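This report refers to the structure that appears directly beneath it.
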Amino acid sequence: MQENKLFKTNLLISIILIIGFILTAILSYQANYQASLVNIEQVSSLTAEGIYYQLTTMFTKPVNISLTMAHDSLLIDHLLNEPEHMEDEDYIRTTKTYLDNYKQKYNFDSVFLVSTLSGRYYNFNGLDRVLERGNPENVWYYELLDSGLEYSLNVDNDEVMGADNKITVFVNCKITEPDGSVVGVVGVGIRMDYMKELLTGYEERYGINASLINEDGVIEISTTYTGYEKVDWFETYDQEGIRDQVLGWKKGDRNLELWSVSQNPEGEKSYVVSRYIPELTWDLVVEQDTSRLIEDIHNQMYRTGLILAIVILTVVVVITNVIRNFDKQITKLTEERQAIFKKATEQLYDSIYELNLSKNCYVGKPTEEYFASMGAGGLPFDQGLRVIAEKQIKEEYREGYVAMFSPDNVIREYEAGNNHLSYDFMMSMDGGDYHWMRVETYIFFSEEDQSIHMFAYRKNIDEEKKKEFQAATDEMTGLFTKKMTERLIDRRLMEYPGARYAFMIFDIDRFKDVNDHYGHAFGDFCICSFTQIIKEHFREEDIVGRIGGDEFAVFIPVSDLSCVEAKAAELSRHLNTVICKGGVTCKISASIGIAISPRDGINFESLYHKADVALYQTKQRGKNNFTIYDPEETTALFGRRDM
C-alpha cells in the first residue's frame, strides 16, 4: 500500500515535472529565440557602424589628396602645355616626378594622370600608354568624362609595371579649367588587401558577411569578391526581394535595417544592415543569417531533453536537487545569452547602460551605480542626464547632448522608425582634461514591461578624432581642406538656422607670377605667410580653410554689414604686405569676395557662388580690395560704401 502510494506520488511528481519541463522548454525556446534575434540586430548594427567609420577614415585621405591634385593650378597649366611637348622627354620626366612625389609622400600604391587632349596615361614610372575608346580596360575613364561627377571610384587590376595586376581601388578626379572644360583625370590607387583585411576581421569576430556594393548591386569589395569579377550581391545571397530598398536608401547619416527571407528553398531568415557612403557612392551591406542561431537553439533543446531524462530517473530520491539543478540551468542559459551580448558589445565600447524611457528611470545595478556616482542617484533619467552634462561634458556640447538623449526626443525618433542615435562630444573626468567620446544608442520595445528601453554605449574616440582632424586639414597650412570646410559650414548653418554669418573668399593676387619668377618653394613660403596673417585675425571657433592652391575661405558670425565691411577692410590692409626670404623680396596682396548668410544662401554651395561673383568683381576692379555681394543691385559692393 505504501509502495503503491509512493509509486503514485512518484508518478504524479514525474508527470508534473515532465509537463513543467515541456512548458519551460517551449517558453525558453521562444525567449532565447527572440533575445537572440535582438542580439543579432544589435551586433549587426554596431558592426556596420564600426566598419563604416573605419572605411570613411580610410578613404578620406586618398579622396582629399586626389581632389587637391585636381585643383592644382600648376598641374592644369602643365596639361594645357602638353601639345607643345609631345616628343619632349623633359615633359614626361617632370610629369613622372610630380606623380612619384605624391606616391612617396602619402605612401599610395599608385598615382596616375590622364590627359584628355592626347589620351596619354602617365604614372609614377613615366608615360605608360594611350587610352582609346572601345578598349574595355578604359571604360572607367570615359564613363567619368561622360558623367557629371567630380570624382569616382572603381575597382580594377593595376596594369602598371611592377604592380603584378593586383586588384586595386582607384580614386579618379576630373581636372577642369575655370570654364568647366575637362583637361584631364588624376587620381591614386589603394590595394584591395587593406580593405579585405578590415572586413575579414569583422566577419571572423562576429560571424557576419560584409560587402561594399555599387549602385547596380555589384560587389566592389568583400572578403570573397571584387568589382573586377562583376558579382551581383543580391543574386549571390538570395536577397532579390530587398534590392530596391537597399539601393534606394541614400541617407548617409543612418542605417537601413531590416529582416529578409532568402528566396532559396530553405527560406533562411537574415538580418541586413545597409549604410550609404556618399564619399564612395557605394553601399556598405552587413548580413547575418539565423541558421547558426537555430542550430544552437536546437542543440540546446537536445541537451535539455537529456537533462530531463536524467532528472526523471532520479526524481524519487533527489527531487529537491532536481528542482535546484533546473533553476541553475535556466539561470545559466540566461547568463550565457547575456555574456555573449556583453562580450560582443564590450569589444567595441567602454561602458554600457540601460534606461527605461517610458518610465524615465534607470535599469540595472551598473546603470544606477553610475548615475549615483555622478550625484544623480534617485533622480528621473531626464534630470540625471542634465546632471551628467553639467559635470562632465564641455559647455558647447551640453545642450546638444541633453536634447539628443532626452526621453521625449528618443521616443519621438523611435516612433519615426529610427532605433539608433549617435552623438560625439568632448568630456572630462576632472573638469580640465577634455577628450572625445561617442555615445551610441539602441532603442527597442521591451515585451517584459511593455516599455521603450534604450541601451547606451559609450566609447572613447579621441584617437579617431585626431586622425579625422589630420585627414581634414591641409598639410602645408594646417587649415581645413575644402571638403571639410564645406561640411563644417553646412553643419553650422543647420545647427543655427537664421543666425547671420559672413562667408569670405581670399585669393592671392598674381600668385602665378610669384611662382614663375621666384619658384615654388618661395611660393609655398608666401602661402604659409599669407595663412599666418589670416589666422591672426580670427578666433579658434571660426571656420578657416584652404579651398584651392592660393584660395582661402573664412566663415564667421557677424552682427551687421558695417561689422563685415570693417573686418574686410582690416584684412585687406594687413594682407597687403611684403614677403622676404633668402634675399628675395616680394609684395603680395589679396582680393576678397564676401557673401552674407542667410541673405545670400543657407548652404556652402550657394554662399560660395555669391562670394565667387564678388571676388571676380574685386579682381576686375584692380584687385587688392574687397567686394560684398549685393543681391539688390546689378553690381556688388566694392570697397567702402554707406551702409
Side-chain angles (χ1 to χ4, degrees), residues 45-46 49 52-53 56 251-255 349-353 355 357 360 362 367 370-371 374-376 379-443 452 454-466 468-469 472 480 484-501 539-543 555-557 597-598 602-604:
S45 176
L46 296 176
E49 291 291 336
Y52 168 78
Y53 285 113
T56 52
K251 298 179 181 179
D253 60 340
R254 64 180 67 175
N255 295 336
Y349 297 92
D350 298 339
S351 305
I352 306 172
Y353 305 110
L355 296 312
L357 302 174
N360 195 21
Y362 318 130
T367 304
Y370 168 70
F371 277 85
M374 299 304 300
L379 294 177
F381 167 57
D382 58 350
Q383 296 181 25
L385 187 69
R386 190 165 289 280
V387 171
I388 298 284
E390 293 292 336
K391 287 194 173 185
Q392 288 191 326
I393 297 176
K394 201 170 184 180
E395 184 175 358
E396 56 261 39
Y397 300 99
R398 289 174 188 168
E399 288 305 318
Y401 176 84
V402 173
M404 174 69 74
F405 300 118
S406 66
D408 289 343
N409 182 66
V410 177
I411 292 174
R412 186 164 49 249
E413 289 287 337
Y414 176 74
E415 291 175 345
N418 180 20
N419 60 350
H420 289 86
L421 298 176
S422 177
Y423 189 75
D424 293 356
F425 58 92
M426 297 190 75
M427 68 172 290
S428 171
M429 302 302 294
D430 56 12
D433 184 17
Y434 285 96
H435 57 277
W436 280 98
M437 295 292 292
R438 174 178 295 137
V439 168
E440 296 192 24
T441 65
Y442 175 75
I443 314 161
I452 297 176
M454 176 176 74
F455 280 122
Y457 315 99
R458 194 168 70 179
K459 181 180 181 182
N460 188 315
I461 58 169
D462 212 44
E463 288 300 318
E464 178 182 323
K465 283 291 185 180
K466 289 177 182 178
E468 182 180 310
F469 179 79
F480 291 120
M484 181 53 66
T485 302
E486 179 177 349
R487 288 181 181 175
L488 292 175
I489 291 175
D490 283 337
R491 183 186 302 171
R492 186 75 57 86
L493 289 168
M494 284 192 296
E495 289 176 349
Y496 302 99
R500 180 176 291 183
Y501 294 96
R539 304 165 301 170
E540 183 178 348
E541 57 266 31
D542 295 330
I543 300 174
F555 188 75
I556 58 173
S597 177
I602 57 173
N603 56 48
F604 176 89

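Bear in mind that the values here come from a model prediction, so they are computed numbers and not experimental data.
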Working to the nearest 0.5 angstrom, can you tell me the gap between [X] [atom1] and [Y] [atom2]?
X    : Y    : atom1 : atom2 : result
I443 : I411 : CD1   : CD1   : 9.5 Å
I461 : E440 : CD1   : CD    : 8.5 Å
M484 : I489 : CE    : CD1   : 12.0 Å
F555 : D542 : CZ    : CG    : 10.0 Å
I543 : R487 : CD1   : CZ    : 13.5 Å
I393 : Y434 : CD1   : OH    : 9.5 Å

### Task
Go through the structure and list residues passing side-chain contact (heavy atoms from CB on, under 4.5 Å) with N409, not counting sequence neighbours.
M404, S406, R412, E413, L421
Sub-4.5 Å side-chain heavy-atom contact between [X] and [Y]:
X    : Y    : result
Y397 : M437 : no
S45  : Y442 : no
T441 : F405 : yes
M374 : Q392 : yes
N460 : W436 : no
R386 : K391 : no

### Query
Is it true that the side chains of H435 and S428 contain a donor and an acceptor less than 3.5 Å apart?
no
### Message
Pairing donors with acceptors under 3.5 angstrom, does anything connect the side chains of N603 and D490?
### Response
no
## Note on the structure
Paired with Y362, the ring pair (Phe, Tyr, Trp, His ring centres under 6.0 Å) test is passed by just one of F371, Y370, Y353, namely F371
### Working for side chain to side chain contact (heavy atoms under 4.5 Å, CB included), residues S597 and F604
CA-CA 10 Å; S597 177; F604 176 89; over 6 Å; no
### Carboxylate-amine/guanidinium proximity below 4.0 Å for R491 and E486
no
### Query
When you check the gap from the basic side-chain N to the acidic O, do E390 and R398 get nearer than 4.0 Å?
yes
### Query
Does NZ or CZ of R438 come closer than 6.0 Å to the centre of the six-membered ring of Y457, within 45° of the ring's axis?
no
### Query
Can you tell me if CD1 on I602 sees more than 12 non-hydrogen neighbours from other groups inside 6.0 Å?
no
#### Entry: Heavy-atom closest contact (G384 atom, A376 atom, distance)
CA-CB, 3.6 Å
### Message
Quick check against the 3.5 Å criterion: does N255 have a side-chain atom that pairs as donor or acceptor with the backbone of E49?
### Response
no
When the side chains of residues 493-501 are checked against the rest of the protein, which donor-acceptor pairs come out under 3.5 Å, sequence neighbours left out?
| from | atom 1 | to | atom 2 | distance (Å) |
| --- | --- | --- | --- | --- |
| R500 | NH1 | S559 | O | 3.1 |

### Aromatic plane relationship, F425 with Y423 - under 30° parallel, 30 to 60° tilted, over 60° perpendicular
parallel
